[in-house]
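Everything below concerns the one structure shown next.
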Amino acid sequence: MVTVDASPLTVGNSSELRQMLAGFGDDVEFQLSPAPGDRGTEVALRPSGTRESTVFARLRGDDPRQEVRRALRDLKSRLETGDVIRPDLPTTGKPTPGGAIMRFVTRRAGGEGRL
């Protein structure tokens with residue numbers, strides 16, 4: 001679930017939301033509601049359970065929850081800023097053992113939220 005700084009009418013009528021939902025088809029459950037305190041709109045999305053969610057799926061990057069989280073972050077970014085904001089790439093210049101671990105974790109963090 002994410003809270004978008006826009007009215008439910010604006011979010012519900014957005015082409016970005018329609019494109020995101022069309023990409024998932026029947027694989028997700030969707031709910032749109034006003035955020036508490038009149039602070040925008042809550043967009044809730046969750047996998048419908050047609051694909052398994054295991055530790056191995058998470059490590060492979062095949063966990064359906066990762067796709068949903070990424071889609072919600074992208075939707076929020078598009079609706080609030082007009083573009084999808086991506087974090088800067090790491091600035092390390094040398095491949096080190098610690099850097100290899102960080103590269104692995106950072107690749108997987110794209111589907112899990114902030115690192």
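The first residue of the sequence shown is numbered 1, and numbering continues consecutively from there.
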Applied to residues 29-46, the side-chain hydrogen bond (donor to acceptor under 3.5 Å, both in side chains) test, sequence neighbours excluded, yields Glu29-Arg46
Here the salt bridge (charged side-chain N to carboxylate O under 4.0 Å, His left out) pairs for residues 74-83, sequence neighbours left out, are Asp74-Arg86, Lys76-Glu80
Heavy-atom closest pair (Ala44 atom, Met1 atom, distance to 0.1 Å) is CB-CE, 3.8 Å
Correct closest heavy-atom pair for Pro8 and Gly40 would be CD-O, 4.4 Å
Residues 1-14 vs side-chain hydrogen bond (donor to acceptor under 3.5 Å, both in side chains), sequence neighbours excluded, gives Ser7-Thr10
Apart from Val28 itself, members of its ILVMFWY cluster (side-chain separation under 4.5 Å) are Val2, Val4, Val11, Leu17, Met20, Leu21, Phe24, Phe30, Leu32, Val43, Leu45, Val68, Leu72, Leu75, Leu79
